[in-house]
Protein chains: 2
Amino acid sequence: MHTNIINLIYFLFMTKKVAVLVVNPVNGAGLFQYLEAFFENRIPFTTFAVADTTSVRTNSGVSLLTDDVVVNLRESEFDAVVFACGDAMPVFAENADKPYNQAMLAALATFGAHNKLIAGHCVGALMFDIAGIAAGKRVAQHPYVKAALKSAVATDEKSVADGNLFTAQTENAIWTILPHLVQKLTE
Amino acid sequence: MHTNIINLIYFLFMTKKVAVLVVNPVNGAGLFQYLEAFFENRIPFTTFAVADTTSVRTNSGVSLLTDDVVVNLRESEFDAVVFACGDAMPVFAENADKPYNQAMLAALATFGAHNKLIAGHCVGALMFDIAGIAAGKRVAQHPYVKAALKSAVATDEKSVADGNLFTAQTENAIWTILPHLVQKLTE
């Protein structure tokens, strides 16, 4: 009982809550590096499908259920947002007008406006750039989107932390930035 | 059409097929490092829940559907087996008699008897040891199970490849062995 109360206090006051954006399809290796690290460090998170329904799949074809969809994401309820990249992104341009993508960009803009923690890999830096929340900030990004960045400062680094922004080149570099992100989320 | 036929020939004759054992709960970061690498390298795989149903979840609480359950696994249809570890394993001893765990150990024994490729991380080496397929072979294993290994040769290495056996200490070391496993699966 005592332990439960301590856990409740810990949950309510001591930790930051993370909204995790799950594109469809999503790279499962990237997504679950974040989720398992949050779980192991008792960081509460909610997954939001960047899609019309909570039923999404990994690049590798495994069906997943997210907690909610991105149009229902209320930034005021979270302290941080994570963008989990995937094979939805090479066709982002043709789907940019879809309500779920517009909702994602609007949510990112709000997290940025309130200077909350923002993390993502691969094409994440481009999304942050489009959402207008990476101006003048150094980022790591997939080499394919380096030239597309407008206001963010592209680098060739595996990962970069600049202020509230944590970015990694690909899912293979997430482990280089994750300890720093976990530190920020638990301090 | 021409590409389709080439893909079909490739699928039928050129690649090895992998059975992936998914314990319940499973560490998603480990599981999806294998699955996304197999997907990206066009290595066909089938996921088998080490459970009574195909509905499992990750340590981090996300619901997943596997392709099948382990009692239906026929070793003759595959060239390799992967053991994806997770939070099911600290309570393995109390569930060792369950049909799904017995089926898993029997399947591992058969893959080993036919000298097929075997890979796994964390407690994987202990399962291979119990199944009798790691005798005299060097393995990497979670520090907690080092003392429990009987016929396998425990090491303190991040990952080890010894003959047909590929093992990694934890999910955080899978990336050090995965390129070698993918190489073996595509050659």
Side-chain angles (χ1 to χ4, degrees), chain A residues 18 20 22-49 53-68 82 84-88 90 121-122 142 158 168-179 182, chain B residues 18 20 22-49 53-68 82 84-88 90 121-122 142 158 168-179 182:
Chain A
V18 187
V20 180
V22 182
V23 301
N24 184 30
V26 67
N27 183 297
L31 172 65
F32 282 99
Q33 283 178 78
Y34 298 115
L35 298 193
E36 298 297 354
F38 295 161
F39 166 72
E40 289 167 12
N41 291 281
R42 303 207 300 179
I43 298 164
F45 63 84
T46 306
T47 53
F48 292 90
T53 71
T54 54
S55 175
V56 300
R57 65 178 182 86
T58 63
N59 293 356
S60 44
V62 178
S63 295
L64 300 181
L65 277 183
T66 60
D67 298 311
D68 209 336
V82 166
C85 202
D87 280 355
H121 63 283
C122 204
H142 195 289
K158 290 288 182 195
Q169 210 171 54
T170 70
E171 58 278 6
N172 298 323
I174 291 173
W175 68 274
T176 64
I177 195 92
L178 205 40
V182 164
Chain B
V18 187
V20 181
V22 181
V23 301
N24 183 30
V26 67
N27 183 297
L31 172 66
F32 282 101
Q33 283 177 78
Y34 299 115
L35 298 193
E36 298 296 354
F38 296 161
F39 167 72
E40 289 167 12
N41 290 280
R42 302 207 303 177
I43 298 164
F45 64 85
T46 305
T47 53
F48 293 90
T53 71
T54 56
S55 175
V56 299
R57 65 178 181 87
T58 62
N59 293 358
S60 45
V62 178
S63 295
L64 300 181
L65 277 183
T66 61
D67 298 311
D68 209 335
V82 166
C85 203
D87 279 354
H121 63 282
C122 203
H142 194 288
K158 289 288 181 196
Q169 209 171 56
T170 71
E171 59 277 5
N172 297 323
I174 292 174
W175 67 275
T176 64
I177 194 91
L178 205 41
V182 165

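First the proteins, then the strands, lettered A, B, ... as listed; each starts at 1.
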OH of Y34(B) to CZ of F45(B), rounded to nearest 0.5 Å, is 13.5 Å
In short, L31(B) meets V20(B) closest at the heavy-atom pair CD1-CG1, 3.8 Å
Worksheet entry | Under 3.5 Å side-chain donor-acceptor pair for T53(B) and S55(B) | no
With chain A, the option among L65(B), I174(B), N27(B), L35(B) that has the most non-hydrogen atom pairs under 4.5 Å is N27(B)
Turns out that what part of V22(A) lies under 4.5 Å from chain B's heavy atoms comes down to neither
- Item | Side-chain touch L64(B)/V26(B), heavy atoms, less than 4.5 angstrom | yes
Under 4.5 Å to a heavy atom of chain B? For F32(A) that would be both
